[in-house]
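Just below is one structure, and these are the notes that go with it.
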Number of protein chains: 2
Amino acid sequence: MNFSTSEENYLKAIYHLQEEDSTVSTNALAEKLSTKAASVTDMMKKLSAKGLLNYTPYYGFSLSADGKKIALFIIRRHRLWEFFLSQKLGFSWEEVHQLAEELEHVSSKKLIDRLDEFLDFPSYDPHGDPIPDSKGKLLPRNNLPLALLPKNTAAEVCQVTNQSAEMLELLKHKNIGIGTRLELKKHFPFDQSIELKIKTKTVTISEQLAKNIFVTYEQINQ
Amino acid sequence: MNFSTSEENYLKAIYHLQEEDSTVSTNALAEKLSTKAASVTDMMKKLSAKGLLNYTPYYGFSLSADGKKIALFIIRRHRLWEFFLSQKLGFSWEEVHQLAEELEHVSSKKLIDRLDEFLDFPSYDPHGDPIPDSKGKLLPRNNLPLALLPKNTAAEVCQVTNQSAEMLELLKHKNIGIGTRLELKKHFPFDQSIELKIKTKTVTISEQLAKNIFVTYEQINQ
DNA sequence: CTAAATTTTTAGATTTGTCTAAATTTTAAA
DNA sequence: TTTAAAATTTAGACAAATCTAAAAATTTAG
């Protein structure tokens, strides 16, 4: 099935509002989408009829299993484009979102899967939000300050706080960005500096820099 | 000014039809866009009112200077995306067009200029059609079989005829694709093989392969 | 537990892009 | 040069997505 840009925007907005509250109200959605309550009601009838929503008039709505699946694919497209714009085209994190809002509606699955591959299957977008994989699965967001990463464990940079020009310059020089895969090798108590392995190289990072870098790694099944 | 997807498609179609005939008829445009003559007339009134067309009812239409400029920017977006899809995501030349039809309507100038830079400012798309530069200028299309390129002249691969898997495998091995910059160094009459310089490397090409590769180079101002 | 306030839905209108069918204009042919 | 054929435009309708204003349902407060 194919959806209009407008339908997709509604599905995505409902998904995000559901992260806060399991049921979404007409007004909340209208505000999120900068539209009017009456327009929301109209669209809710439409999405309900397509089986994407659980909707009881006057009592709010939530995504059905189908609706949730579609929302995750839209979010996948959005976040992969954000990653591309940031990593490959050098856009700043503020610019990336608006552009991805447009690109996300190009819906070819093959295109998105190829883009994913081209980007080396990143798990997190430039804002540190997880990117659903090609089956719609999301990694849990378990961001960890780099300094707390267990040693010799494959991890991925998923968020970088502080976006000052100075810090970005330093990160660029060290070839570290969102999606960079690394391992923590050594930790020196004297100045809290750490040594990382990135691909085959060894890189040293100061305490100040490490504080601003967050990583995730595959948790061992418990 | 901003244009709807539909307006953009009309402008682009008129531009292409004008390459054949300087004036475009309602029916020709309707057929090109798989729509009805009445819809075309409606849109022509709209584009006329915006000053993008020269339009005399019953006598066809042509793009105004403004309309042409906009059409060229849309074509720029289309062809840069085609180049990206082919070179970076590995799509075949048949698949590329349909996907670019959607991507071309994302209209941020900054995005397209960055994409252009990322792709290293290619002059030709995967079909060998010239890509307008950021000012809307098109290189003339002066495709030349690789074997006829003057020696020691910087040139760019702009078209590859024959898309058999075997040939693509060979091209890939030799790191040759649309946009590859090269110079002809030597030509051996014995077997008509040629030697090229690509970046800093020397590459040998058989007569059969050379026949399928077309290049352009900057003509000296005459 | 009623009445006011709030939220949501309905009714009816608007815009964009499209369509069919009818009317008009141009072109071509006898 | 008149008339039939072809091309184009106009008129009127429709679907999608939106809006405003009014009506209906729910919530909250006294």
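The chains referred to below are lettered A, B, ... by the order of the sequence lines, with proteins before strands, and numbering in each begins at 1. No experiment lies behind these values; they were computed from the predicted model shown.
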> Who is the Watson-Crick or G-U wobble partner of D:dA13, with both distances under 3.5 Å?
Replying inline: C:dT18

> Does any nucleotide pair with D:dA29 by Watson-Crick or G-U wobble geometry, both distances under 3.5 Å, and what is it?
Replying inline: C:dT2

Touch check for [X], heavy atoms < 4.0 angstrom, all strands: base, sugar-phosphate only, or nothing?
| X | result |
| --- | --- |
| A:S6 | sugar-phosphate |
| A:T41 | base |
| B:Y10 | sugar-phosphate |

Between [atom2] on [N] and [atom1] on [X], what's the gap in Å once rounded to a whole number?
| X | N | atom1 | atom2 | result |
| --- | --- | --- | --- | --- |
| A:D42 | C:dT9 | CG | P | 10 Å |
| A:F61 | C:dT7 | CZ | P | 14 Å |
| A:Y58 | C:dT8 | OH | P | 10 Å |
| B:K45 | D:dT10 | NZ | C1' | 7 Å |
| B:E8 | C:dT16 | CD | C1' | 15 Å |
| B:N9 | C:dT16 | CG | P | 17 Å |
| B:K36 | C:dC19 | NZ | P | 6 Å |
| B:N27 | D:dA7 | CG | C1' | 6 Å |

Within the pair [X] and [N], is there a side-chain N or O less than 4.0 Å away from OP1 or OP2?
| X | N | answer |
| --- | --- | --- |
| A:S39 | D:dC19 | yes |
| A:T26 | C:dT9 | yes |
| B:T35 | C:dC19 | yes |
| B:Y59 | C:dT27 | yes |

Answer yes when [X] and [Y] have at least one side-chain N-carboxylate O distance shorter than 4.0 Å, and no when they do not.
| X | Y | value |
| --- | --- | --- |
| A:K110 | B:E95 | yes |
| A:D133 | A:R76 | no |
| B:K36 | B:E31 | no |

>> Does the structure place the NZ or CZ of A:K88 under 6.0 Å from the centre of the six-membered ring of A:F118, at an angle of no more than 45° from the ring's axis?
In response: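 Ring-cation test returns yes.
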
>> Return whichever of A:E7 or A:P57 has its heavy-atom-nearest nucleotide of DNA chain D closer to the 5' end.
In response: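 Closest to the 5' end, via its nearest nucleotide, is A:E7.
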
>> For B:L72 versus B:P132, what's the shortest heavy-atom pair and its separation?
In response: O-CG, 3.5 Å

